[in-house]
Structure formats: structure tokens, C-alpha cells
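Written out below as C-alpha cells is the structure these notes cover.
None of the values given here were measured: they were computed from a predicted structure.
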Amino acid sequence: MRILQLHCDSIEYTPTKKEIQSAENIENPSTVKLEELVVAFIAIEEGDDSSVAKNAISQIQNSMEKIGCKKLLLYPYAHLSANLARPTTAMSILKEMESLATNLDVSHSPFGWTKSYNVKVKGHPLAESSKVITKDSESKTNEITSEALKGESTIRSYWKIMSPDGTMTNIGDFDFKNYKKLEILAKYESAKQRQVDEPPPHVALMKKLGIADYEPASDSGNMRFFPNGRLIKSLIERYVTERVKEYGGNEVETPIMYDSEHPSMVSYFNRFPARQYNIDSEGKKLFLRFAACFGQFLMANHFQLSHKNLPYRLYELTRYSFRREQSGELVGLRRLRAFTMPDCHAFCKDIPQAVDEIKVRFDLSQSVLQELGIETSDYEMAIRFTEDFYNENKNSIEDIVRKHGRPVLVEMWKEKFFYFVLKWEFNFVDNLGKASALSTDQIDVENGKRYDISYIDENNSEKNPIILHNSPSGAIERIIYALLEKAAKDSQEGKKPQLPLWLAPTQVRIIPIKENFNEHCISLQKKISLENVRVDVDDRNESIGKRIRDAEKEWIQYILVIGDKEVNSTNLSIRDRQTGSMRELSFDDFIQEIQTQTQNKPFTSLNQSTFLSKRPNLMV
RNA sequence: GCCAAUGUAGCUCAGCCUGGCUAGAGCAUCCGCCUUGUAAGCGGAAGGUCAUGGGUUCAGAUCCCAUCAUUGGCUCCA
């Protein structure tokens, strides 16, 4: 028996004339229209019997359960086979199948008639499948989906919680009382449970603070960054890059598009569902990179590496990486189709060296997040590995978990399906209980060979390195999302939302009480600027109250109102946003206070006009 | 990608159910007045292809269909 199974929005068919003598008798051949159903086109073949009918129906039921559909139309369709059963047998098997599908709303179209039909098939990956069922063989199912998607659904994994002491507990038995966010992550990942029904607060904030917005003239998930957003993003980019270089990363730049027919890509591509942007150019099928892997591997393929050079680290900050995520998945700065990703690969000579190296990078990632303003308590860790790798590297895995200091979510794969044997990630859990990965690292045991990257070992023989794939911060946009979500949470709890001072587009605002203090303000502004502080002047003809309010709305930490009193004093009167009250400090103490908060962080000058009267209103 | 909700001025929203005067408000913008002491000073003007495209109707922001976008859920996230 051969079956072509289609999940349809609708089907409409009209029996036109009897095709064979023994065709089924029907009263009034008229058009039938059915909606929201599965249509099974069926060819019943020589040798099919009741057992085949049973098997077929049970397989159809299984897949219908998966896609959540209850209505089935059996549609006799001779053209699927060249070895058809006799019509009488076929008709009885068809009717048997109909009677077996007891828990479904089932019907069949008339047997032996020529029919015209119109069918609208749904667009999801499981919508179309074909099955071949024979009497003696085990049923052979052939889902027409990409190889990678097919593999993904068959992957077997065990979900556990590992405590810092190395003990593993089943998720169901673990006491999550003190680990609410871990519980959210565990349920999110293993049971795919969600709770929320409101938009994430960072979406409104990114617009109000003039950071970023959707660009309707581009594709969904491709954002535009306003001056404030560009400033924040560039500071984070610079900070992460500096830290990776300090660790030993060699910064490179590689193309953003590649030829999908290049031999190294063809095999890599089988690992991925088709989620990339494609561009056809002069007969080449190019695609936009979804990570920096390609560029770095192709580059490393050209290097002459000795075991003495390893571990060797290549780093690129991709602006951009592109993933054509499903449209329903895109949200604000959390999930994008074009994003900036620091990507650092370490080529290691063997697993022991890779395991040592991954620990160094774990510390780096933890520290980078901390310095960006994301505390250990803001994220939960997940670690995934194959059962074999766990058995051989139990102590090292426990070392890594111990570094996190709290229980972590574990996914253990029965066998290796991906190109890596271990992967860990930090998941930021936001106010609404959504988890998204920030830092991550992987131990890749396949791509060294796939990209023909090799090094010469102590015995003068050629080996493929083990490759680590680390993003110490995760996507830069996602860091901004996390910072804004944290600020929104503070706001909900009655605290004043704030960005870390080194990321604030304006750090100090000066407000002259009257126009005749403008000159004094400008010279003060210049003096403070020289100390690498972003300071601007609100010289608009607005009331003091109004200008204070606007500065507060921009989350500016320090406000200096300048009038007679200040002009005649050596000290500065400073309004501190966190307390809302006034303080008097000397110039030097004030600068000192700012520099303590911004030390070891990159600095860039104001990215808007110094004078508010010269700024267009960008708050969207 | 699937299901649902939403889409009206630069922004936030009212009007839509029950079709019918010139589509309203606040904020922002512009002009004028005020010359300011720590979260919104006063007055006036300008600003709209009611997401886009079709349809029904004497008449569509309003009803119907399709498309696009955003948000939520599902799926996905190597």
C-alpha cells in the first residue's frame, strides 16, 4: 500500500464519471468540500490485506495526533502504484480502514470514479508525508522533511538537574523551591511550557529610549539603531572584543556570504534546516552566514598549525549574522534575523586540551556578563552532552557545573546527533518567564575534519583539531534586551530603572536656569567633557520642571541645574537620579565618582548634539 | 510556518459592535507669550491615502476577503 498524506486547509472534489465497471455506486455525484483535515491518497497494491490496513490506519492516527487533527479523508488514488490490487479487494480494504479509524471523523471519496479536485495543503514541515506499507516488512515511513529536521525529532535525550556536588536528579524529583528560575528553564526546555500573554517590556523601552526600532523597509527581524542605540551597542561590542583579545583571541574579519555549493558547505548544510537567507548572483547560490564558523574554518584550513600553536583562537564580531527565523518567533531585540554575534573558536589538539580550554572560556564568559551588568543570579545554566562523553569526562563536567555554583539543567543525549559532544549555555530568564541563551560554548568533534583543518602533532603526523565554539556574551542585541528587561523589572519593583553608567548615552545633563547662564554652562560642559564624560546641555526655552522631567525620562543619572547660586560657588549641586535628592560635591570628587563607575570600560563621546535645542525628537 | 488578537496624526489612544455631518483627544512639532530653582507654565497653528489591495453598499475608518506588519500561543532556536 502506498499513501501520500497531506495536512490540508481544505479539499473540494467532484466525481465526474465511473472509471471502471465495478466502481462504487453513489446516489448523486455532487461536489464535496471538507476543511481542516488530513487527506490520505491511497493506492492499494497486490498482496495487501487486513494487517496492512490496520498498520496503515495506526500510522495515520499517530501522525494525526502529532499535528493535532481529527478529520480524515481516505482518497483512493491509483496513480501512486503500478502494481494495483484487484478493485474488489481494494474496495474492501478501503472500507476496512474506514471502519478501523474509530476515534477519527473519517470519510472516503468514491472508489472507481474519475474525480476533479482542488486541494489546499498547509505549509508546516509535517504537513506532507508519504508511507509505504507492505504485509511482511516492517512499515517503512518516509517523512518528506529535511534530513536535519527528521533527525531532530528522533533524538533521544534525558533531562536531569545536576547539583554543584555532581549529583544528578530527575526533573520530577528535584525540589525547585529555591530555584524558581531554573524551574522555569527546565519546564521551558524539557516540557516546552510557557505562561505569558503580554508583550515584553523591552520592546516599548527600546523605542522610548531612542535605542532601536523595526525597519519596515527591510525584512522582519532586521532592526535600525538610533544614535543612542548605536552608542550603547558599539560600547558593548568594543568591551567584548577587548576581553576576548585579552584572553588570546586573534581578531579577524570574514565575508558575510558564501557559496552553498562549495564542497565544505554541502556537508555542513545537511546539519541545518534551511533557515538561511539565499541570494542568487550570476549563477552562484550564495547564502548569508548564520555564524562566523564558515569564515574562520575556511581561513584556518589555510593555516599551517603545529601542536605547539594550540590552542589557537580565532575571533570575529559578526556584524551581521543572519538566520531566517520563523516569523512567529521574532520579538523586539530578543530574537532577530540579523544580529551581531561575538564568535570565538579555539582549535585544540585533543579532548583533554579542549576540556581545559573550555574552563578558561567559561570563566571569561561569566566575567564578561558580570561586567556588562548581568549577574550570575540573572541567568540559569544548561549543559548538554552525550552519554559517552559524560562517562569519560565526568570530573571535568562536574568542575564546570561547580563553577556556576548552583544546580544546572542537564540534557544527556543517548548518542551524538549534533557535531558536538558537549555544549553549555547561560539562559537569561526574563520577567515573563521567557528563557533565551546568552553565553555558550561547544566541543566540536566533526568540523576539523569537514573543513580539512589540520595540525602536525609531536610525532609529525597530521591530525584534525577539536574545535570549541564560544560566544562569551551571546548576541549583542540580546545583551541590550537583557539590560532593558532588568531595568523594567526594577521599575515594576518601584526602583528607578537605569543602564550601567558606562553605557548611558548621556551621563551628565546641565540645565541653565535662564539663558544668561548658558555661557557658564558651556564652559562647565567643556571642562567635564575633557574628563571623558558624556555631558550635554539642555538649552531649550522650557521650564526647569519640564527639563528635569525630560532628563528623568532619559534615565540620566546626574543633573546639574545652574543658576546664581552655582555660578558663585566652587562646588557643584548634583541631582542624583537614584535618590532623587541633591548633593554638593567638588568638581574633582564628582569626576572621581563617575570614573569609579566607568573604569576599565571603553569610552566614546556623545553621539548626539551637545545642545538639546539642536536635537530632533527621535523618541518614537 | 500554524492559530489568534491588533494596525486610525511623529507617539499614546478614542471612534468600529449598531455604515451616514468637516475622523477626535493628550503628548510631541511650529509660531507667539512667559524668563523659569529640581518630574509636565500659557495661548494659537499645522499635522490623517483610517496598514495595503480588492469586494459588498446610494454611502466604508466602521461589514466581508486577501496580503503585509506587530504582539501572544504553538512549533523552532546545532
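Listed candidates were B:G41, B:C76, B:U35. Nearest to the side chain of A:Asn541 is B:U35. If you check B:G72, B:U36, B:A39 against the side chain of A:Ile513, the one that comes closest is B:U36.
When heavy atoms are screened at a 4.0 angstrom cut-off, A:Leu330 is found touching the sugar-phosphate backbone but no base atom. Across all strands shown, A:Arg335 has heavy atoms under 4.0 Å from base atoms, whether or not it also approaches the sugar-phosphate. When heavy atoms are screened at a 4.0 angstrom cut-off, A:Gly563 is found touching base atoms of the nucleic acid. In this structure, A:Ile548 reaches the bases: a heavy-atom distance under 4.0 Å links it to at least one base atom across the strands shown. In this structure, A:Gly580 reaches neither bases nor backbone, as no heavy-atom distance under 4.0 Å exists between it and the strands shown.
A salt bridge links A:Glu554 with A:Arg509: the closest approach of a Lys/Arg side-chain nitrogen to an acidic carboxylate oxygen falls below 4.0 angstrom. Between A:Asp219 and A:Arg324, none of the side-chain N atoms (NZ, or NE/NH1/NH2) sits under 4.0 Å from a carboxylate O, so this pair counts as no salt bridge.
In a base pair of the Watson-Crick type (N1 to N3 plus N6-O4 or O6-N4) or a G-U wobble (N1-O2 and O6-N3), with each distance short of 3.5 Å, B:A23 is matched with no nucleotide. Base pairing analysis places B:C76 opposite nothing; no Watson-Crick or G-U wobble pair with both distances below 3.5 Å involves it.
Annotation: B:C42 and B:A28 have their P atoms spaced 10 Å apart (nearest Å). Separation of the C1' atoms belonging to B:A51 and B:U6 is 11 Å when rounded to the nearest angstrom.
Between A:Phe287 and A:Tyr258, the ring planes are tilted. Angles from 30° to 60° get that label. Aromatic ring orientation, A:Trp413 versus A:Phe420: tilted (interplanar angle from 30° to 60°).
Evaluation of atom-type donor-acceptor distances gives a pair under 3.5 Å for the side chain of A:Glu566 against the base of B:G37.
Taking atom CG on A:Asn222 and atom P on B:U70, their separation rounds to 10 Å, with Å as the unit. Straight-line distance from the CG atom of A:Asp213 to the P atom of B:G10: 14 Å, rounded to whole Å.
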